[in-house]
Amino acid sequence: LLIQPTGVSGGGIMTLDKDEVNSNSFIYNASWFGSDTASLNVFETGGAIAFKANNLRTHIDMKIREGVFHSNGAGSFVELPANQYICYIDKLKWAMDEEMLTLGDEVASSSKGSEFISVHPYQDSLSFIATTANYSLKDYIIHAKGVKNIAVADAIIYPDSGIVTVEKKAIIQTLFGAKILANDLTEYHTFLNASVDIKSAHKYTATGDYTYIDAMNQKQQIFFKEIRVGRDTITEARGDAETDKPFHIDSKFDFKGSMELFADRKNLIFDGYFMANHSCELLEKEWVKFRSEIDPKDIIFTLDEKLYND
C-alpha cells in the first residue's frame, strides 16, 4: 500500500468472501476501491473457479455490496467454466450478496451486446450475441436476452422473444416457437413455430411448420417432423401430407405421401401418390405413385416405366 495526501493506492489480490480481485494498481476509498485494469475470480464452495473476468476497468462498492466492471477492449472477457462458455462483454455488474452477475449494458445505445462463445470441444465455437444476460452463481445457468439469431450450419435460427438459456456443460435449452431460415445464402425456405435443439455450430435438429405456395398463390401448411443437418452441412427436412384432408399440389392435382426439403434447392421433393382432379366421367380417378421434385409453377411428374396405383 502507498499512503499519500491524495489518497491510498496499492497492488495485489483483494480477497472478499469467496472472491478475489487482482490488479497491479488499486485506488482505495473509505467504502470502495477500483482499478483501471483488474481480474475477478469467483470461487465455488469447494474451491473451483465458478466465474472469471479478465482485463476489466473495476469499481467495487463495499457499502452497497456491488461491483461494476467495464471492458478495456478486445482482451476483456469472462469465463464460465461450468457452462463451458466465454463471453466478450462491454459491462458487467456483480451483486455480491445475491450472487448474481449481469452481463451487458442494455442502457447504452452504442452497445453491440455481449458475444457468448462455446469452448465445449464438440461445439465448434458455437456463438451468439445477447443484449444482456443474467448468471446466477447458485445454479450456474446463463439466461440470455435480446438474442436476435444464432447461425448453425447453413441456417439462421431466430429464438422466440430473443431468449436463450444455457445450462451446465454447454447445453442450450430447447427453443420453442422459433423461426428457421435455410439456407443463409439463398433464403429459399422458412420454418415457423419451430422447436429447435442446437447441438453445435454445425448441427441442430428441429420440427416446424412450413408454408407451401402453389402457382395461384394458394397457401397450405406442412408440418415437418424431422429437420436436421445432412451432408455438407445442408439443412434437410421431411414431413407428411395430412391424412384427414387432401393436399393440393395445385388446383388440378391432389397428393398424399411425404415431402422432402433440401435447403439448397428451391423446390420440394414429393414422394407418394398424385390424383388428377378432372370431371371426365369416362376416366376413373386413381392415385398414381411417383417421386419428383415439383416446381409449383411448372408441374412435371417423373414416373417409373411400370406404373403403380393405390
Side-chain angles (χ1 to χ4, degrees), residues 39-56 71 74-90 92 94 99-104 112-160 162-176 178-184 194-207 226-236:
S39 62
L40 167 68
N41 292 332
V42 181
F43 297 93
E44 297 178 5
T45 303
I49 293 179
F51 180 89
K52 184 176 182 180
N54 304 278
N55 186 28
L56 299 172
S71 169
S76 299
F77 66 96
V78 300
E79 301 174 44
L80 307 165
N83 309 82
Q84 295 178 272
Y85 264 78
I86 62 172
C87 178
Y88 289 91
I89 62 169
D90 46 18
L92 165 67
W94 173 34
E99 298 185 79
M100 177 65 69
L101 296 153
T102 302
L103 292 78
K112 296 181 180 179
S114 301
E115 184 180 13
F116 288 84
I117 303 174
S118 172
V119 294
H120 189 287
Y122 300 122
Q123 290 195 344
D124 305 302
S125 298
L126 172 69
S127 67
F128 60 88
I129 294 176
T131 304
T132 61
N134 293 327
Y135 186 69
S136 172
L137 296 170
K138 296 177 181 178
D139 59 16
Y140 305 106
I141 295 178
I142 302 168
H143 296 277
K145 303 175 184 177
V147 180
K148 292 182 178 180
N149 58 65
I150 305 175
V152 182
D154 66 340
I156 306 295
I157 299 170
Y158 300 85
D160 181 47
I163 295 174
V164 174
T165 303
V166 185
E167 301 177 359
K168 290 181 177 180
K169 298 182 180 180
I171 297 172
I172 295 181
Q173 289 185 3
T174 301
L175 303 178
F176 295 101
K179 171 185 170 182
I180 304 171
L181 180 64
N183 61 32
D184 54 351
S195 298
V196 186
D197 288 307
I198 298 175
K199 307 296 185 182
S200 75
H202 303 303
K203 182 179 180 182
Y204 74 96
T205 59
T207 61
E226 182 184 8
I227 306 170
R228 65 185 185 90
V229 179
R231 295 178 59 183
D232 299 321
T233 64
I234 295 173
T235 292
E236 54 188 52

From the list Leu175, Ile171, Ile141, Ile172, side chain to side chain contact (heavy atoms under 4.5 Å, CB included) partner of Thr165 resolves to Ile141
Return yes if a side-chain donor-acceptor contact under 3.5 Å exists between Thr174 and Asp197, otherwise no. yes
Pairwise distance CG(Leu101) to CG(Leu80) - rounded to 0.5 angstrom: 8.5 Å
For Ser195, all residues meeting side chain to side chain donor-acceptor pair (under 3.5 Å), sequence neighbours excluded: none
Could you verify whether a donor N or O on one side chain and an acceptor N or O on the other, from Asp154 and Thr235, lie under 3.5 Å apart? yes
Closest non-hydrogen atom pair between Lys203 and Val229, with its separation: CA-CG2, 4.0 Å
Could you state the interatomic distance from CD1 (Ile49) to CG (Asn41), rounded to the nearest 0.5 Å? 4.5 Å
Nearest heavy-atom approach of Val164 to Pro159 is CG2-CG, 3.8 Å
Determine yes or no for a side-chain-to-main-chain donor-acceptor pair under 3.5 angstrom, with Asn83 supplying the side chain and Tyr85 the backbone. no
What are the two closest heavy atoms between Ala130 and Val147, and how far apart are they? CB-CG2, 3.8 Å
Ile129/Lys148 under side chain to side chain contact (heavy atoms under 4.5 Å, CB included): CA gap, chis, key distance, verdict: CA-CA 8 Å; Ile129 294 176; Lys148 292 182 178 180; over 6 Å; no
Could you tell me if the side chain of Lys52 sits less than 4.5 Å from the side chain of Pro81, heavy atoms only? no
Rounded to the nearest 0.5 Å, what separation is found between the CD atom of Glu236 and the CZ atom of Arg228? 4.0 Å
Kindly give the heavy-atom pair with the smallest separation between Leu56 and Ser71, and that separation in Å. CD2-CA, 4.0 Å
Given the ring of Tyr158, does Lys179 sit roughly above its face, with NZ or CZ under 6.0 Å from the centre of the six-membered ring and within 45° of the axis? yes
List for me each residue that meets side chain to side chain contact (heavy atoms under 4.5 Å, CB included) alongside Asn55, sequence neighbours excluded, and say none if there are none. Thr37, Asn72, Ser76
Quick one: do Lys199 and Leu126 satisfy side chain to side chain contact (heavy atoms under 4.5 Å, CB included)? Show the steps, please. CA-CA 9 Å; Lys199 307 296 185 182; Leu126 172 69; over 6 Å; no
Answer whether the closest heavy-atom distance between the side chains of Phe128 and Ile198 falls below 4.5 Å. no
Which heavy atom of Tyr204 sits nearest a heavy atom of Ala155, and at what distance? OH-CB, 3.6 Å
When rounded to the nearest 0.5 Å, the distance separating OG of Ser114 from OH of Tyr88 is 12.5 Å
Measuring from Leu92:CG to Phe51:CZ, what's the distance to the nearest 0.5 Å? 4.5 Å
Locate the shortest heavy-atom distance separating Ile156 from Ala151; write the atom from each residue and the value. CD1-CB, 4.1 Å
Between atom CD of Gln173 and atom CD of Glu167, what is the distance when rounded to the nearest 0.5 Å? 4.5 Å
If you apply the rule side chain to side chain contact (heavy atoms under 4.5 Å, CB included), what do you find for Lys145 with Thr132, and how did you get there? CA-CA 5 Å; Lys145 303 175 184 177; Thr132 61; 4.0 Å; yes
May I have the step-by-step check of side chain to side chain contact (heavy atoms under 4.5 Å, CB included) for Ile142 and Phe116, ending in yes or no? CA-CA 10 Å; Ile142 302 168; Phe116 288 84; 3.8 Å; yes
